[in-house]
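What follows is a single structure, written as structure tokens, with notes after it.
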Amino acid sequence: MRLLNNVNEEEAFVVMIRFGIPSDGALHKDTIEFLSGCGLEIVRPNPRSYTGEIVDAPGIIVHFQRAGDITVMVENQSLDVGIAGYDRYMETRDPQIDTNVLIGELGFGQCTLSFAVPEDWLDVSNLADLSEVADQFRERGLELKIATKFPRLVSRFLVARGVNYFSIVPTSGTLEAAPAMGYADLIVDIISSGNTIKQNKLKTIKGGDVIASQACLIANKSTIETNSKLQTECDLLTNAINSYLKSRA
């Protein structure tokens, strides 16, 4: 912590805004490079350290966390701001908690959460076909099994489109092999290039894109807006990012 001069003892320490960035996965490297481009160079004491600092922003402390945990940590006030995938943010966020997307499109981590069915399902090429398959399963006393890491998003997506007969098979492992193993009938997963699903004899379907995603900056509004010093540091962060995005555009 840096000290301020000529202030009361209770104001001696600068309020540090806690900034969470992904410590793993596809977003980790891209986030580091993006922030560097914004002039926010992160210094990490060693690769195993879970904290770091930004040289030109001494009021910000960086916390390296699992990408899937950042939304929850912003919600429970363990972090003030964070970078997360929009898909993961929408899956895990609690609508009752006042979190906010400060910048929705950071320009990296682009992907789509999409349905993928076995290639040999020749009669299934769109969501309406899939709905018919679900009805046929129901008539036989079965439920269409869908493997996904995004059960809330997938369930809401299907119900909103009138598909009601299905069961979600939550999993934390590799999804692409699930249909071949009989673990599930189809999958809903993050797709970028599409090469992985093709290699596993799967195909996407028309109307089967659940959500388009990329990295975004999120914040806990209740903690920041009630603390003027946190608000100032947050403004410095967002201004640096917005300036970089404008320069690239």
Can you find a pair of side-chain heavy atoms, one from [X] and one from [Y], that are under 4.5 Å apart?
{"X": "I83", "Y": "L35", "value": "yes"}
{"X": "L130", "Y": "V163", "value": "no"}
{"X": "T148", "Y": "I168", "value": "yes"}
{"X": "Y89", "Y": "V74", "value": "no"}
{"X": "V117", "Y": "D129", "value": "no"}
{"X": "M73", "Y": "N76", "value": "yes"}
{"X": "Y165", "Y": "L144", "value": "no"}
{"X": "R161", "Y": "S131", "value": "no"}

Query - Trace of the salt bridge (charged side-chain N to carboxylate O under 4.0 Å, His left out) decision for D80 with R18 - result: CA-CA 5 Å; D80 302 305; R18 299 161 299 175; 2.9 Å; yes
Using a 3.5 Å distance criterion without hydrogens, assess whether the side chain of [X] forms a donor-acceptor pair with backbone atoms of [Y].
{"X": "N220", "Y": "S222", "result": "yes"}
{"X": "S247", "Y": "Y244", "result": "yes"}
{"X": "N200", "Y": "L202", "result": "no"}
{"X": "H28", "Y": "P22", "result": "yes"}
{"X": "T232", "Y": "S228", "result": "yes"}
{"X": "E176", "Y": "T196", "result": "no"}
{"X": "R152", "Y": "E91", "result": "yes"}
{"X": "D185", "Y": "K145", "result": "yes"}
{"X": "S192", "Y": "C111", "result": "no"}
{"X": "K201", "Y": "D120", "result": "no"}

Query - Side-chain donor-acceptor contact under 3.5 Å, N242 with T238 - result: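 No, T238 and N242 have no side-chain donor paired with an acceptor closer than 3.5 Å.
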Query raised in the report: Under 3.5 Å, is there a donor-acceptor pair between the Q65 and S23 side chains?
Result: no
Search all heavy atoms of [X] against all heavy atoms of [Y] and return the closest pair with its distance.
{"X": "E233", "Y": "I17", "result": "CB-CG2, 3.9 Å"}
{"X": "A147", "Y": "T171", "result": "CB-CG2, 4.4 Å"}
{"X": "L27", "Y": "G109", "result": "CD2-CA, 3.9 Å"}
{"X": "I187", "Y": "A178", "result": "CG2-CB, 4.2 Å"}

When clusters are formed by joining ILVMFWY residues with side-chain heavy atoms under 4.5 Å apart, either directly or through shared neighbours, do [X] and [Y] land in the same one?
{"X": "I21", "Y": "I103", "result": "yes"}
{"X": "I211", "Y": "I70", "result": "yes"}
{"X": "I146", "Y": "M90", "result": "yes"}
{"X": "F34", "Y": "I54", "result": "yes"}
{"X": "L217", "Y": "I42", "result": "yes"}

Requested in this report: Could you tell me whether R138 sits above the aromatic face of F166, with NZ or CZ closer than 6.0 angstrom to the six-membered ring centre and within 45 degrees of the axis?
Outcome: no
Just checking [X]: does its [atom1] atom have more than 12 heavy atoms from other residues, nucleotides or ligands closer to it than 6.0 angstrom?
{"X": "E105", "atom1": "CD", "value": "no"}
{"X": "R44", "atom1": "CZ", "value": "yes"}
{"X": "R48", "atom1": "CZ", "value": "no"}

Query raised in the report: In a check of side-chain contact (heavy atoms from CB on, under 4.5 Å) between F64 and each of I32, D24, T31, which one passes?
Result: I32
**Report entry** Option among I190, V210, V188 that satisfies the side-chain contact (heavy atoms from CB on, under 4.5 Å) test with F150
**Finding:** I190
